[in-house]
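In the text below, chain A, chain B and the rest are named by the order of the sequence lines, each starting its count at 1.
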Amino acid sequence: MEKVIEIMNLTKSYGNGRGIYDLNLDIYKGDIFGFLGPNGAGKTTAMKIMTGLIRPEQGDVRILGHSVTEEYEKAMAKVGCLIEIAESYHYLSAFDNLRQLARYYPGVDHKRIDEVLELTGMLKFKHEKSKKFSLGMKQRLGLAAAVLSRPQVVILDEPLNGLDVEGMIDIRKMIQHLAEKEQTTFFISSHLIHDVELTCNRIGVIYNGKILNVENTQTILKNYATLENYFVSEVERNGRVSSSAS
Amino acid sequence: MAVFQAALLNELEKLYKKKKVLVAILLSLAVIVIGQLVIVGVRSGFGLRGTGSVEFPMLVLSVVVNTILPLFTALVAIDSFSGEFTQNSMRITLTRPVSRFKIYTAKITAIVLFILGALLLLLVFSLLAGFIFNTNSATLDSLSRTVFSYFVSLLPLTVLALAIALLANIFKSGIAVFFVSILTFLALKVLGVLFSQYSSLFLTTQLDWYNLFLVNSFPMLKILRQFLIMLGSGIMLFTAGFYIFDKKEF
C-alpha cells in the first residue's frame, strides 16, 4: 500500500505541559483515517504541524513523499485542509473567497468553483459576503475550499462543527464519495465519535500527546459494540480516564 | 513565480475590495481640494500670489509625505498583517502551496503598489488643480522635477511600510502597532530637530529627501548616501520582519 502521509517522531511541547511526543503514524492511499482523542490530547497540534501552521521541535511529516518542513510548496500542492474554525475573508463573497484560493492551483477554474459550491450546498449563496453566513454555512464554505483543488489528501479538523444533521450527512456522503471515486485520502479529527464510526475506515487514538493504537474500524467493531466502547477502553488501559468519562 | 503572482494578485484584490482604498482616494482628493481652496483664498483675500501651477503639486507633496501618506501606509500595513492575525484569516493563505517568504513579499509588494497608486493619484490631481487654478509657471524642467519628486518619495515610504510591517509582526494588537508607530514617528521627528547633525539617519527626515533632487547643484554624494542608508535599513527591516513572520505559530 502506498504511504500518503508519514508522521515521523513528531514532537512539539507547550509551556503548559501539553503537546505531542514522538508521534509516529502512517496513512495509506484511500484511507479515511479518524483521529480520536479527548480535548487537549494533541490532535489539533499534530494537524497544525501537518499543514505547516506550526513547526515541530523534532521529527517531520512527509506528504506524498515531500517534507512539510523542507519542501512546503511541494508537500501542500495536492493537499486540502480545514483546521479548527473555517476561516474566510468576511468582506468577500463565497465565490471570491474560493477564487482567491483557486489562483494557487493551475487546474482550478470558475466551473470548478461552482462545482464545489454545489457539492457543499452553497451555490445559492455564491455572491453573498461571508460575514453574513451562519457558522454552518462558513463550515460548508471551508469544506468547499478544502476540496477545491481536487486534492489527493484532505486534512480536516472537526469538519462537522456547527453543521446541522442534514449537513453532517451531506459531508459524510461527500467524504465517502471522494474516497471511493477519486481515491482521496482523508485525515479527520472529530469529537463526534458516532460520526467517525460511520465515516472512517481506520481509527487512531491519541491520548496525552501519544498514539495509543491504530486499528481498522471493522476490526474494532468485531471486538467492541461501538467505537465509543473501544475508545474508553483504550484510554482506560493506557492511562487515566479523562475527566469527560467520570 | 506563478505562485508569487497568485499571492500578489490575492493581496491586491483584498486591498481593493476593502473600503480603505476608497477612503484613501477620497482623503487624497480632499487634501488637494482643501489645499487649492486655501491657495485661492489667500490669493483673493490677501492679494498674494500663493503658488504657481507646478509649485502647487510640490506644496501638496511636502504636506502629504509627512501626514496622510505615512498614515495610509500604517493603516494598510497594519490591516494586512495584524488584521489577518487577529481574524485568523492568515491561515487561509498559509495552508496553501505557497511559502511564507512569498506571502510576506507579496504583502509588502501590495502595500508598496498601494503607496505608488496614492502618490500617482496625488500627482495627477494636484497637477490638474495647479494648471486649472493657478498662474501658469510651468517649464518642462520644473514639471519633470515635480514628477521625479513624487516617484522618489516612494523609497522612504517603502522603508516606513517595512518598519510598520515589522512592528505588526512583533505586537499582536493592531491598535498597539498603530500607537507605537505614531509615537516612534513623532519621537524621530523631535530627535531630528534636537540632533540635527544625525537627522539624515532618521526615517522621518528621509521622507523629505525629494528636496535633494530640487537643488540646482544636484548633491550626488548626499543623494547616494541617503539612498544607501534607506536601502540598508529597508533590507534589515524586511529581514527582521520576515524572520518573525516565518517563526510565527498560527
Crowded around L228(B) CG? As in, over 12 foreign heavy atoms under 6.0 Å? yes

Partner chain B: residue of R99(A), H90(A), M76(A) with the largest heavy-atom pair count (under 4.5 Å): M76(A)

Taking everything shown except K172(B) itself, do over 12 heavy atoms lie less than 6.0 Å from its NZ? no

Between atom CG of N10(B) and atom CG of L101(A), what is the distance when rounded to the nearest 0.5 Å? 7.5 Å

Working note: F250(B) + I83(A), criterion side chain to side chain contact (heavy atoms under 4.5 Å, CB included); need CA distance, chi angles, decisive distance, verdict. CA-CA 10 Å; F250(B) 292 92; I83(A) 303 294; over 6 Å; no

Toward chain A: residues of residues 62-91 of chain B with heavy atoms under 4.5 Å: E84(B), Q87(B), N88(B), S89(B), R91(B)

Salt bridge (Lys or Arg N to Asp or Glu O under 4.0 Å) filter on E87(A), not counting sequence neighbours, yields none

What are the residues of residues 65-73 of chain A, in order of number, with any heavy atom under 4.5 angstrom from a heavy atom of chain B? Y72(A), E73(A)

OG1 of T95(B) to CE of M47(A): how many Å apart, nearest 0.5 Å? 12.5 Å

Please round to the nearest 0.5 Å and tell me the distance separating atom NZ of K17(B) and atom OH of Y91(A). 10.5 Å

Quick check on the interface: out of E84(A), K78(A), K74(A), who has the most heavy-atom pairs with chain B under 4.5 Å? E84(A)

Answer yes or no: are there more than 12 heavy-atom neighbours, outside K102(B) itself, under 6.0 Å from its atom NZ? yes

Of all residues at least two apart in sequence or in a different chain, which pass the side-chain contact (heavy atoms from CB on, under 4.5 Å) check with F133(A)? A94(A), M122(A), F125(A), E128(A), S130(A), M137(A), K138(A), L141(A)

Should R55(A) and E249(B) count as an ion pair when the cut-off is N to O under 4.0 Å? no

Here the gap from K248(B) atom NZ to L53(A) atom CG, rounded to the nearest 0.5 Å, amounts to 13.5 Å

Can you tell me if N39(A) has over 12 outside heavy atoms packed within less than 6.0 Å of its CG? no

What distance do T93(B) atom OG1 and Y104(A) atom OH have between them, rounded to the nearest 0.5 Å? 5.0 Å

Apply side chain to side chain contact (heavy atoms under 4.5 Å, CB included) to residues I92(B) and Q100(A) and explain how you reach the verdict. CA-CA 9 Å; I92(B) 303 172; Q100(A) 281 254 330; over 6 Å; no

Neighbour count above 12 (heavy atom, 6.0 Å) for F179(B) CZ: no

Counting only heavy atoms closer than 4.5 Å, note whether A145(A) contacts chain B via side chain, backbone, both or neither. both

What heavy-atom pair brings R100(B) and G52(A) nearest, and what distance separates the two atoms? NH2-O, 3.1 Å

What's the verdict on side chain to side chain contact (heavy atoms under 4.5 Å, CB included) for R96(B) and R103(A), showing C-alpha distance, side-chain angles and the deciding distance? CA-CA 10 Å; R96(B) 301 291 142 188; R103(A) 292 197 179 109; over 6 Å; no

Checking K14(B) against chain A: side chain, backbone, both or neither under 4.5 Å from a heavy atom? both

Below 4.5 Å from any heavy atom of chain A, which atoms of A7(B) appear? Answer side chain, backbone, both or neither. both

